[in-house]
Amino acid sequence: TQSTRPQRILDAVQKNATRGDPRSVVKAIDHFCRNKEWAMNVGDEKGCILDSVVSEVNPATVLELGTYCGYSTVRIASLLPPHAKLITLEFNPDFAAIARQVIAWAGLEDKVQLVEGASGDWIPKMKEQFGVKTFDLVFLDHWKNSYLPDTKLMEECSLLRKGSVLLADNVICPGAPDYLEFVRSSPRYKSQYFKSHLEYTKVEDGLEKSVFLG
Ligand SMILES: O=C(NCCCCCn1ccnc1)c1cc(-c2ccc(F)cc2)cc(O)c1O
Ligand SMILES: [Mg+2]
């Protein structure tokens, strides 16, 4: 039977990474995607920027929109303080099934709650379902045309507080122009662009960090 790309990524992790060692899981995925098959993980270059923002925010509650194979989930969760929680939303059940195994291989199951379904459905239920008050950090990496509506929805659901940080992947490639225009022009956000490259390529891309001002 034909394997899928996510399955081949999981195989590369199980063959080349050490159980319980998140950095070796990240390294194994980057090596596979740089040398064997490109895949849409945030990657090592943008991943370093992600790491620095996570370390700076030192969040107790994190929301990740778009899990894929769990690469950025592992990067973020490995930097969280002891009782911090990361909720990651994935729409695609095949991606979710692989991500669960990658997160488990890294030994980070206790810090991560992977939820399958549509962000538009789950965002309004965050408080009642997961006892979340507000998110300290949100990593947007799902459908690019969902970044803006989901940000507005998080505001409406009072899931953002003064100082909450939104970090958005792919604001140049594939691009999220309506989201970028919104966070850069709204008086309620302080935005900063981190220029980088599309994962494993020389194509320009970047992360947009936007602090909610309340
Ligand atoms: O589409 C992307 N991600 C969303 C995947 C589906 C999310 C499903 N979901 C999860 C929760 N709610 C919905 C993405 C694409 C690319 C890319 C760049 C260049 C290219 F030529 C082809 C592709 C690079 C990324 O870094 C990306 O993140
Ligand atoms: Mg991305």
Side-chain angles (χ1 to χ4, degrees), residues 4-10 26 29-30 32-34 36-54 62-77 86-103 112-126 129-130 132 135 137-154 157 159 165-180 183 193-210:
T4 63
R5 183 167 305 178
Q7 184 63 52
R8 293 191 290 274
I9 288 172
L10 174 62
V26 167
I29 296 175
D30 282 331
F32 179 80
C33 293
R34 189 172 286 287
K36 302 275 186 349
E37 276 187 82
W38 185 91
M40 59 183 170
N41 317 115
V42 73
D44 42 359
E45 192 181 314
K46 288 186 289 179
C48 285
I49 300 166
L50 170 63
D51 291 355
S52 63
V53 172
V54 174
V62 183
L63 175 62
E64 175 179 63
L65 299 174
T67 317
Y68 188 43
C69 296
Y71 174 92
S72 49
T73 321
V74 166
R75 282 198 87 115
I76 296 167
L86 192 169
I87 297 173
T88 183
L89 281 181
E90 180 48 59
F91 179 79
N92 182 311
D94 300 325
F95 295 171
I98 297 295
R100 289 188 199 285
Q101 298 173 77
V102 169
I103 293 159
V112 177
Q113 171 127 35
L114 196 161
V115 180
E116 288 184 45
S119 48
D121 298 340
W122 277 105
I123 286 169
K125 293 193 277 190
M126 281 292 152
Q129 292 288 329
F130 305 110
V132 167
F135 287 108
L137 173 67
V138 182
F139 181 52
L140 297 95
D141 194 22
H142 60 333
W143 290 312
K144 308 314 158 194
N145 57 15
S146 293
Y147 284 19
L148 182 53
D150 284 351
T151 297
K152 290 178 172 173
L153 187 56
M154 285 187 285
C157 297
L159 285 166
V165 172
L166 304 184
L167 187 64
D169 189 25
N170 311 115
V171 294
I172 303 300
C173 177
D178 58 345
Y179 172 80
L180 220 38
V183 288
Y193 176 60
F194 293 84
K195 187 172 191 277
S196 184
H197 295 94
L198 176 68
E199 46 267 29
Y200 319 115
T201 78
K202 292 187 166 54
V203 173
E204 182 181 344
D205 189 20
L207 300 171
E208 187 81 0
K209 177 191 171 195
S210 306

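Just follow the structure's listing: the first ligand is 1, and inside any ligand the first atom is 1.
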So is K144 polar-close to ligand 1, meaning N/O to N/O under 3.5 Å?
-> yes
Nearest-neighbour protein heavy atom for atom 24 (C) of ligand 1, which is reported as residue plus atom name and distance = E199 OE2, 3.2 Å
Top protein contact for atom 5 (C) of ligand 1, by heavy-atom distance = M40 CE, 3.6 Å
Answer yes or no for atom 21 (F) of ligand 1: protein heavy atom present at a distance under 4.0 Å?
-> no
Part of D169 with heavy atoms under 4.0 Å of ligand 1, whether side chain, backbone, both or neither | side chain
Using only N, O or S atoms, tell me which atom of D141 is closest to the Mg ion (ligand 2).
-> OD1
Could D44 and R34 be called an ion pair, given the rule that one side-chain N must be under 4.0 Å from one carboxylate O?
-> yes
Ionic contact status for K202 with E45, cut-off 4.0 Å | no
Any heavy atom of S119 sitting closer than 4.0 Å to ligand 1?
-> no
Say whether W38, considering both its backbone and side-chain N or O atoms, lies within less than 3.5 Å of an N or O atom on ligand 1.
-> no
If every non-hydrogen atom of R75 is compared with every non-hydrogen atom of D30, which pair is closest and at what distance?
-> NH1-OD2, 4.1 Å
Examine ligand 1 and decide if any of its atoms is less than 4.0 Å from a heavy atom belonging to D141.
-> yes
For ligand 1, which atoms have a heavy atom of E90 less than 4.0 angstrom away?
-> 8 (C), 9 (N), 10 (C)
For atom 13 (C) of ligand 1, which of W143, W122, F95 has the closest heavy atom?
-> W143
Can K144 and D141 be counted as an ion pair, charged N to O under 4.0 angstrom?
-> yes
F32-W38 aromatic ring centre distance below 6.0 Å = no
Of all N, O or S atoms in D169, identify the one at the shortest distance from the Mg ion (ligand 2).
-> OD2
Flag, side chain of E208 to backbone of V171, donor-acceptor distance under 3.5 Å | no
Do you see a donor-acceptor pair shorter than 3.5 Å between the side chains of D205 and S196?
-> no
Hey, is there an N, O or S on S72 sitting under 2.8 Å from the Mg ion (ligand 2)?
-> no
T88 and Q113: side chain donor to acceptor below 3.5 Å = no
Number the atoms of ligand 1 from 1 as they appear, then name those within less than 4.0 Å of a heavy atom of L89, with their elements.
-> 11 (C)
Using the ring of each side chain (for Trp, its six-membered ring), is Y147 parallel, tilted or perpendicular to Y179, with breaks at 30° and 60°?
-> perpendicular
Just by distance, with hydrogens left out, do Y68 and N92 show a side-chain donor and acceptor under 3.5 Å apart?
-> no
Where does L198 meet ligand 1, judged by heavy-atom distances below 4.0 Å: at the side chain, the backbone, both, or neither?
-> side chain
Give the residue, atom name and distance (to 0.1 Å) of the protein heavy atom nearest atom 27 (C) of ligand 1.
-> N170 OD1, 3.3 Å
